[in-house]
Colleague: 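One structure, as structure tokens, below. Some questions next.
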Amino acid sequence: MVENRFGLRLLSHAVLWLGVLLVALPLWVAFVASTQAEGDLVSGTLSLWPGDHFLDNYRAVLFGAADVSVNVSVARMLLNSLIMALGIAIGKITISLLAAYAIVFFRFRARMLSFWLIFITLMLPVEVRIMPTFEVVANLNLLNSYVGLTLPLIASATATFLFRQFFMTIPGELLEAARVDGAGPIRFLFDILLPLSRTNLAALFVIMFIYGWNQYLWPLLVTTDDHYYTVVMSVQRMLAVGDADVTWHRVMPATVLAMLPPVLVVVLMQRLFVKGLIETEK
Amino acid sequence: MATLTLQQIRKTYPNGYRAIHGIDLTVTDGEFIVIVGPSGCGKSSLLRMIAGLETISEGEMKIDDRLINGLEPAQRDIAMVFQNYALYPHMTVYANMAYGLRNRGAPKAQIEEDVQRTAKILELEPLLARKPAQLSGGQRQRVAMGRAIVRDPKIFLFDEPLSNLDAKLRVQMRLEIKKLQRQLGTTAVYVTHDQVEAMTLADRLVVMNGGVVEQIGTPMEIYERPATPFVAGFIGSPAMNFMPGQLHGRQLQMGERMIDMGLTTDYRGSVLVGVRPEHLHREAGAPHRLDMHLSMIEPLGADTLVYGELTEGRENLVARINGHFKAGSENSMRLHFSERDLHIYCEQSGQRLN
């Protein structure tokens, strides 16, 4: 039964608005701060309305050096982050799709062993194995390179596991029909499996892109050259100024810019997988 | 246009389970063979071996004169209709039907022509642009048929294709499959557990049980002269009644009754006597009779099924009585039968004796 009393509605709206405020306020403050002139933020009073330095601040960080301590533009950092996030997302999806394909559809010796080997790597987060990984990457001379940034993070038990679960729901008769129709393993993968996995691909892409974008520790370790800095770690670097004043009018625009691409990806991809969910074609 | 030959085909699964114990079968050109049997009798395994989806453990399988044991399904020039249709959900009806041709590398114009022609036969033309999810069960079934027909294969394989349809549609599709197969003249192997489908579709019927072939014959041969008690009990609905008896040369003894069977066998001993429910009559036209206690009556409209027990011997009995049967106050009834309608099997070996 749906209660339709005025008081209750008021209350629930109030709760919802409170929630919205709680989430949105820090974002708003970040945006407001990014539009203030140098020094306004350390003066002690925080205005809740945007200042008039929006264009100046953003133009300065996007195209000039981001900060005295970080000698590269935010545009370049965004590019680095984009390359890293895309590399990780696409790499992870490709690798785990193929791994799951092999595990589910091919009978080979040590099939289950391979699966469990992949599966138990779930137990070890990046941070635990970061030193040996660093060592390997360093020995391969991959420090300060895009390969070094992306490659070690590409292997993914989670995605392999998700693909495996999805592949196992595909009826065996579909595979058999494809075999009778003369589709070999490659054709089956591209003509049937991939189109059917479209929504899974979209969902995983969103998750993996954000995962890649938000990497902090790893880029911090493997990059010493400013030209490979990603935006997320740079923001931290811009804050670590020791005794000097934090240049908030530069940090905040960089932060806001760092948040935009993941938001964009979610907004764009969400449409695709909502569409996929509505078309029930399985 | 093809013949299919199976010689001593056996199947042993990797876990040691022996599904098929040596089957010989020759399917002649254009013949409609139905393989029928209870669940787990190996009929699906056999079909999948013909399709190339299961490996053949032993024996030789040939299409025309070509040995196909080691060939991939696509190389065997067969087409299969699956129980759940197995249509590609993301492809349109057109693409579903064209997929096999495309994989063969047929030219686009040829594909177009073949698909259109097949769609015309199956009245699928208005549906070509749709996806499987937008079709009804019967339509999906038809698309699955279309996908098989369009490739113009040597052999059609059907794996219980009608079991997901409702009763009315099943009858309709059954007729259509039969008509199509006649029209195209393609050799067909059809697996089902439904004996009505088996009887109506088959040119010849293969009755399987426990991985062996119990009998091969035309539907009427199998109905009239079932070779084993299993076939006798499996084909026909309701199932055949069995009673014990003794055979003394040409004389059959059932309880107190002696029936002259006119047999030439010299077998003496215990036998299983079968009689079909529809061969028990209320009218006194047939020479022999038996009495039964009534326990239940099922009116089917055209006929009435009467269940009960044999007065002497307590065996369960079913009779199919013509027309309307009103149970009176009496709880027993007399039934008549002819010795020509009896089926006699050796109790030990199950061999047919008459």
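If you're wondering where the values come from, they're calculated on a predicted model, not measured in any experiment. Naming convention: chains lettered A, B, ... in sequence-line order (proteins, then strands); numbering from 1 in each chain.
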Colleague: Please determine whether the number of non-hydrogen atoms from other residues, nucleotides or ligands lying under 6.0 Å from atom CG of A:Leu113 exceeds 12.
Modeller: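 Buried by this count: over 12 neighbours within 6.0 Å.
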
Colleague: Quick check against the 3.5 Å criterion: does A:Glu173 have a side-chain atom that pairs as donor or acceptor with the backbone of B:Asn84?
Modeller: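 A pair under 3.5 Å: yes.
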
Colleague: Show the nearest heavy-atom pair for residues B:Ile78 and A:Val180, with the distance to one decimal.
Modeller: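 Of all heavy-atom pairs spanning B:Ile78 and A:Val180, the closest is O-CG1, 3.8 Å.
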
Colleague: Say whether, by atom type as modelled, one donor and one acceptor occur between the side chain of B:His90 and the main chain of A:Ser197 under 3.5 angstrom.
Modeller: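 A pair under 3.5 Å: no.
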
Colleague: A:Gly182, A:Gly172, A:Gly184, A:Pro171: which one forms the most heavy-atom pairs within less than 4.5 Å of chain B?
Modeller: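 Going by pairs under 4.5 Å, I would pick A:Gly182.
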
Colleague: If I measure from the heavy atoms of chain A, does B:Leu157 come under 4.5 Å with its side chain, its backbone, both, or neither?
Modeller: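 For B:Leu157, there is no contact with chain A at all, as no heavy atom is under 4.5 Å.
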
Colleague: Please check if the number of heavy atoms outside B:Asp65 that lie under 6.0 Å from its CG is greater than 12.
Modeller: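 12 or below, so no.
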
Colleague: Atom OH of residue position A:Tyr146 - does it have more than 12 heavy atoms of other residues, nucleotides or ligands inside 6.0 Å?
Modeller: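 Result for OH/A:Tyr146: enclosed.
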
Colleague: Side chains of B:Tyr99 and A:Ile192: does their closest heavy-atom pair fall under 4.5 Å?
Modeller: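 Result yes, sub-4.5 Å side-chain heavy-atom pair found.
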
Colleague: Which pair of heavy atoms, one from A:Asp181 and one from B:Asn96, lies closest together, and at what distance?
Modeller: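 In this case the closest contact between A:Asp181 and B:Asn96 is OD2-O, 4.5 Å.
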
Colleague: Of the listed residues (B:Arg76, B:Arg151, B:Met80, B:Gln75), which shares the most heavy-atom pairs with chain A below a 4.5 Å separation?
Modeller: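 Winner by heavy-atom pair count: B:Arg151.
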
Colleague: How close do A:Ala177 and B:Arg147 get, counting heavy atoms only, and between which atoms?
Modeller: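 In terms of heavy atoms, the two residues are closest at CB-NH2, 3.5 Å.
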
Colleague: Looking at every heavy atom in both B:Met91 and A:Asp191, which two are closest together, and how far apart are they?
Modeller: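 So the two residues come closest at CE-O, 3.9 Å.
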
Colleague: Which bit of B:Ala95 is near chain A, if near means a heavy-atom gap under 4.5 Å: side chain, backbone, both or neither?
Modeller: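 For B:Ala95, neither part sits under 4.5 Å from chain A.
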
Colleague: Kindly compute the distance separating CZ (A:Arg187) from CG (B:Asn103), expressed to the nearest 0.5 Å.
Modeller: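 Those atoms lie 4.0 Å apart.
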
Colleague: Heavy atoms only: give me the nearest B:Ala86-A:Leu174 pair and the separation to one decimal.
Modeller: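 Heavy-atom minimum between the residues: O-CD1, 3.6 Å.
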
Colleague: How about B:Glu123: does its CD atom have over 12 heavy atoms from other parts shown lying under 6.0 Å from it?
Modeller: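 Open: at most 12 neighbouring heavy atoms sit under 6.0 Å from CD of B:Glu123.
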
Colleague: I need the residue from B:Pro73, B:Ala148, B:Pro132 with the largest number of non-hydrogen atom pairs under 4.5 Å to chain A.
Modeller: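 Greatest number of close heavy-atom pairs with chain A: B:Pro73.
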
